[in-house]
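Notes to accompany the following structure.
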Number of protein chains: 2
Amino acid sequence: MTLAVVVVSGGAVWTLTHLDLALWPIVRAASVFPMSDTSNDDRPRYVGGELVRPNDWERWIAVGASIGLSYSEGGSPHDAFHQVRITASAYDEFRRTGVFPEGTQLALEVSAVGASVLPARAGRFADCREGLEIAVKDRRAAPNGWAYYSFGDGSERTARAFPASSCSSCHRQHGATDNVFTQFYPRLRDKR
Amino acid sequence: MTLAVVVVSGGAVWTLTHLDLALWPIVRAASVFPMSDTSNDDRPRYVGGELVRPNDWERWIAVGASIGLSYSEGGSPHDAFHQVRITASAYDEFRRTGVFPEGTQLALEVSAVGASVLPARAGRFADCREGLEIAVKDRRAAPNGWAYYSFGDGSERTARAFPASSCSSCHRQHGATDNVFTQFYPRLRDKR
């Protein structure tokens with residue numbers, strides 16, 4: 001007996017054709033299909049209590065872009081572009097449930113503002129990276145549930161969490177969803 | 001006889017444990033493993049000569065962000081955010097070789113400009129999507145090598161290529177690398 005089996009796993013669709021039905025339990029038990037096609041890579045890793053900079057944060061899913069966001073009315077004297085990416089497994093889970101799972105990581109890339117590069121005679125673009133910060137939802141690392149790390153200009157290999165006082169209170173008070181500023185991330189905001 | 005088999009496919013690592021060696025040819029032939037975990041999805045697909053909107057363009061790798069880029073000195077009367085993403089297979093190939101492979105797709109997402117959302121008292125962010133355009137490197141579809149498509153606000157399912165006159169000449173003349181504006185995409189610019 002042959003069968004076409006379609007398996008949906010972490011957003012990917014796998015089609016098995018001409019696979020004898022009798023083999024299916026063996027194939028499934030053999031862990032041919034991971035529960036998510038990304039979860040292997042996108043969970044936080046620590047060394048000596050410091051967060052290890054993820055190898056593939058540049059491949060995470062982009063959910064936000066902004067320029068010059070500032071708490072002060074006059075803005076910041078030094079504008080910067082911000083680009084925010086989230087791990088694929090957390091993106092999928094949040095879009096499905098509205099909840100950020102344990103192990104969620106969000107990367108904030110801070111970039112210099114570029115301008116006057118032809119053919120653009122007006123406007124500004126995100127130029128060289130100046131900073132990389134990562135927020136991690138991990139109850140083991142932070143009593144509040146989230147911890148925040150800076151990797152300098154993005155080249156540092158590990159980072160120690162900021163003291164709870166420096167980022168957490170603003171995120172907790174103003175983040176629209178579970179300490180995350182989803183009000184600036186339409187893909188997440190409109191799903192919460 | 002049992003065996004642990006590790007398969008590296010498109011950056012993903014699949015571990016098969018307790019899989020009888022005798023089953024391996026059957027499992028492989030059953031297409032359990034795609035040749036790459038991205039190439040199946042990120043090549044252009046056409047229906048009736050029109051490009052099909054890729055299901056997963058939002059998951060492609062973000063390489064550019066800008067606001068208000070304009071060819072005219074005075075700028076555009078209606079600023080917009082632009083975010084550019086590239087297929088994972090093309091990103092990897094370009095970073096390795098400096099060449100965009102056939103089948104490269106770049107998505108340009110155009111977003112309204114949001115502002116005055118607390119806690120930000122200054123600055124602007126990419127709000128709701130207003131447009132989606134895709135550039136495809138495909139010699140079969142365009143004599144120049146690249147074709148350009150608009151999916152309206154992003155909800156249209158297929159798109160017909162723009163006439164060669166409308167996008168190609170500027171891309172060819174000003175795109176720093178093979179018709180692509182890599183001068184605005186630091187991750188690609190600094191690798192060319």
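Residue numbering restarts at 1 for every chain, and letters A, B, ... go by the order of the sequence lines.
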* Asked: Tell me, side chain or backbone of E58(A) under 4.5 Å from chain B's heavy atoms, or both, or neither?
  -> both
* Asked: Is it the side chain or the backbone of E109(A) that comes within 4.5 Å of chain B heavy atoms, both, or neither?
  -> side chain
* Would you say V52(B) and F151(B) make side-chain contact, with heavy atoms under 4.5 Å? -> no
* Short question: side chain of K137(B), backbone of F100(B) - any donor-acceptor pair under 3.5 Å? -> yes
* Which atoms of F184(B) approach chain A - backbone, side chain, both or neither, heavy atom under 4.5 Å -> both
* Is the gap between the ring centers of F125(B) and H82(A) under 6.0 Å? -> no
* Asked: Of all of P186(B), A126(B), A65(B), A120(B), which one pairs up most often with chain A through heavy atoms under 4.5 Å apart?
  -> A65(B)
* Structure fact -> Pair count under 4.5 Å, heavy atoms only, with chain B: among V63(A), I61(A), V113(A), highest is I61(A)
* To do: State whether the side chain of R53(B) and the backbone N or O of E156(B) hold a donor-acceptor pair below 3.5 Å, judged by distance alone.
  => yes
* Centroid-centroid under 6.0 Å between Y148(B) and F162(B) rings -> no
* Check: G49(B) main-chain N/O paired with R160(B) side-chain donor or acceptor under 3.5 Å -> no
* **Residue part contacting chain B, namely of F181(A), when any heavy atom lies under 4.5 Å** => side chain
* Do you know which of A115(A), A62(A), C170(A) has the most heavy-atom pairs with chain B at a distance under 4.5 angstrom? -> A62(A)
